[in-house]
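Residue numbering restarts at 1 for every chain, and letters A, B, ... go by the order of the sequence lines.
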Protein chains: 2
Amino acid sequence: MTSPDKSNNQKGTRKAPLSRELVLSTALALVDGKGLDALTMRRLGQELQRDPMSLYRYAANRAALLDGVTEVVMNELAILPEDLDWQVQLRKIAHDFRLLALQHPNVLPLLVTRPLSTPLGLRPLGTLRPLEHILALLIDAGFAPADALHVYRVYYGFLYGHILNELQEYIVDPDENEAILRLGLHRLPAKEFPHLRALGPALADYDGAAELDQGLTILLTGLAAQLAASDSPPVPQP
Amino acid sequence: MTSPDKSNNQKGTRKAPLSRELVLSTALALVDGKGLDALTMRRLGQELQRDPMSLYRYAANRAALLDGVTEVVMNELAILPEDLDWQVQLRKIAHDFRLLALQHPNVLPLLVTRPLSTPLGLRPLGTLRPLEHILALLIDAGFAPADALHVYRVYYGFLYGHILNELQEYIVDPDENEAILRLGLHRLPAKEFPHLRALGPALADYDGAAELDQGLTILLTGLAAQLAASDSPPVPQP
DNA sequence: ACCTGAACACCGTTCAAGT
DNA sequence: ACCTGAACACCGTTCAAGT
């Protein structure tokens with residue numbers, strides 16, 4: 001646990017020159033590997049073989065460090081070619097984002113939580129890029145800017161919610177998953193939780209990609225219906 | 001800040017008998033009033049005028065304490081009379097939940113984050129009750145149990161997502177809100193964020209209840225369309 | 001058997017002292 | 001001017017000592 005040797009780090013180099021990128025990517029690796037709690041200034045310094053205080057040159061705060069990690073993760077979202085149908089694009093972005101979340105499950109709390117303590121205008125640019133991108137996509141598709149904002153909110157709200165849902169039901173390793181689930185459901189009082197208990201098998205196998213896609217279909221269908229009923233139908237490709 | 005007087009607590013009683021309820025509700029008050037970071041074992045003990053160690057009789061862990069707080073909040077969700085139309089019920093629950101979140105904004109990260117580290121079957125009963133309740137509601141309305149689960153996931157996913165969205169854009173006090181927003185947006189590079197910058201005014205006034213309701217309409221419309229297209233249409237009231 | 005609190009192994013951050 | 005690390009004010013949790 002608290003072995004004092006220093007040779008067992010990821011980087012073989014003894015003293016690589018520090019940079020914001022290196023600090024943040026090392027921080028991300030730490031979170032991915034050992035969980036959010038493992039990301040402390042002191043431990044990160046140890047991982048980089050540097051005095052923990054030197055990190056304050058690259059992040060003013062622990063909070064700033066966390067923001068930096070979310071930014072790094074968000075930057076992993078590939079930007080798409082712009083020429084596809086907007087509904088196709090929204091689907092692709094959603095699936096990309098889902099995969100990103102599955103690759104960094106330990107970062108999800110950060111993704112979801114950090115913006116709660118930072119006004120929209122003051123967030124790291126990297127986290128605002130997807131928002132701008134989707135707005136552009138919708139406006140290009142013919143939506144009025146204000147409408148695009150509403151569509152974005154429904155879409156992004158649903159997307160975040162789905163991913164939270166999926167990771168809440170998954171997270172543990174799949175082998176144990178079913179057993180723990182059965183054990184856990186068994187614990188529930190039968191009178192108070194009849195339906196939940198009965199859903200054991202259905203809960204055990206969760207096809208996240210399919211579920212996301214169905215949800216998107218529901219959303220896009222409803223959206224189309226609302227647009228058709230509205231005064232100024234802004235649908236582009238008829 | 002660190003004044004050593006002990007008389008300035010909420011409860012005038014010098015040494016109220018401890019109980020799980022008192023511990024958790026004091027913890028909730030602490031989070032509501034001073035934020036999540038203020039909820040520490042030591043500070044909670046001081047608030048209750050007790051040795052911090054004595055709290056371990058009521059929560060095995062700090063994690064268990066956090067779970068307890070989420071449970072207390074979830075229990076504030078009123079259970080509804082069962083005889084309404086299911087769509088009406090889903091709308092009502094959504095708005096109730098939204099109001100609950102607005103009353104306890106500091107608890108939202110807990111609501112969203114705690115389940116990520118606890119398998120579904122092992123969560124506090126209080127947090128599972130809404131799930132059971134909605135399943136019952138949908139099954140009573142004529143959905144097959146497995147379908148009810150899917151509907152629940154879309155619905156709850158969207159609901160959580162909306163609330164996160166809304167609190168991410170709100171949170172700061174409304175007076176400063178617009179100014180900070182304008183200031184923040186001004187900071188964004190004009191070439192990279194043209195749409196976001198242009199949306200300043202639209203972003204500044206956010207009618208959360210209306211936005212939630214429109215989102216629900218989209219969702220329920222899409223859901224109805226999907227049900228109508230499926231093989232076994234389980235819609236109850238024709 | 002229960003409760004208390006000293007002690008341990010950590011934190012983030014400040015700031016004076018070194019270079 | 002920059003970097004370092006001692007020091008401060010906190011943490012959660014263990015566990016031996018008291019009752």
Worksheet item: Hey, is A/Lys34 close enough to A/Glu47 for a salt bridge, meaning N to O under 4.0 Å?
Response: no
Worksheet entry | Rounded distance (Å) that lies between atom C1' of C/dG12 and atom CG of A/Leu55 | 12 Å
Worksheet item: Whole Å only: how far is the CG atom of A/Leu48 from the P atom of D/dC3?
Response: 15 Å
Worksheet item: For C/dA1, which nucleotide in any strand shown is its Watson-Crick or wobble partner with both distances under 3.5 Å?
Response: D/dT19
Worksheet item: Between atom CZ in A/Arg42 and atom C1' in C/dT14, what is the gap in whole Å?
Response: 12 Å
Fill in: Pair A/Glu211-B/His150, side-chain donor/acceptor within less than 3.5 Å
yes
Fill in: Integer-rounded Å distance: C/dC11 P and A/Leu39 CG
11 Å
Worksheet item: Does A/Glu166 pair with B/Arg153 as a salt bridge, N-O distance under 4.0 Å?
Response: no
Item to complete: Sort out the partner of D/dA6 for me: Watson-Crick or G-U wobble, both distances under 3.5 Å, none otherwise.
Response: C/dT14
Worksheet item: What does B/Met53 touch in the nucleic acid at a heavy-atom separation under 4.0 angstrom: a base, only the sugar-phosphate, or nothing?
Response: base
Discussion item. Heavy atoms from C-beta onward define the side chain here; which of C/dG5, C/dC11, D/dA6 lies closest to that of A/Arg43?
Written reply: C/dC11
Worksheet item: So, is A/Asn61 near the phosphate of C/dG12, with a side-chain N or O under 4.0 Å from OP1 or OP2?
Response: no
Item to complete: Return the value, rounded to whole Å, for the distance between atom CE of B/Met41 and atom P of C/dA7.
Response: 21 Å
Worksheet item: From the list C/dA6, C/dG12, D/dG5, which nucleotide is the closest neighbour of the side chain of A/Thr40?
Response: C/dG12
Worksheet, complete the sentence: Rounded to the nearest 0.5 angstrom, the CG-CG distance for A/Leu196 and A/Leu188 is 5.5 Å
Worksheet item: From D/dT4, C/dG5, D/dA7, pick the nucleotide closest to the side chain of B/Asp51?
Response: C/dG5
Discussion item. For a quick test of reading the model, state the closest non-hydrogen atom pair linking A/Pro52 to A/Met41 and the distance between them.
Written reply: CB-O, 3.8 Å
Worksheet, complete the sentence: Out of D/dG12, D/dC3, C/dT13, minimum distance to the side chain of B/Tyr56 belongs to D/dG12
Worksheet item: Would you say a side-chain N or O of B/Arg57 is under 4.0 Å from OP1 or OP2 of C/dC2?
Response: no
Practice prompt. Report the distance from atom CG of A/Asp37 to atom P of C/dC11, rounded to the nearest whole Å.
Written response: 10 Å
Worksheet, complete the sentence: Taken to the nearest whole Å, CG/B/Leu18 to C1'/C/dT4 is 14 Å
Worksheet item: Rounded to the nearest Å, what distance is computed from the CG atom of residue A/Leu44 to the P atom of nucleotide C/dC10?
Response: 17 Å
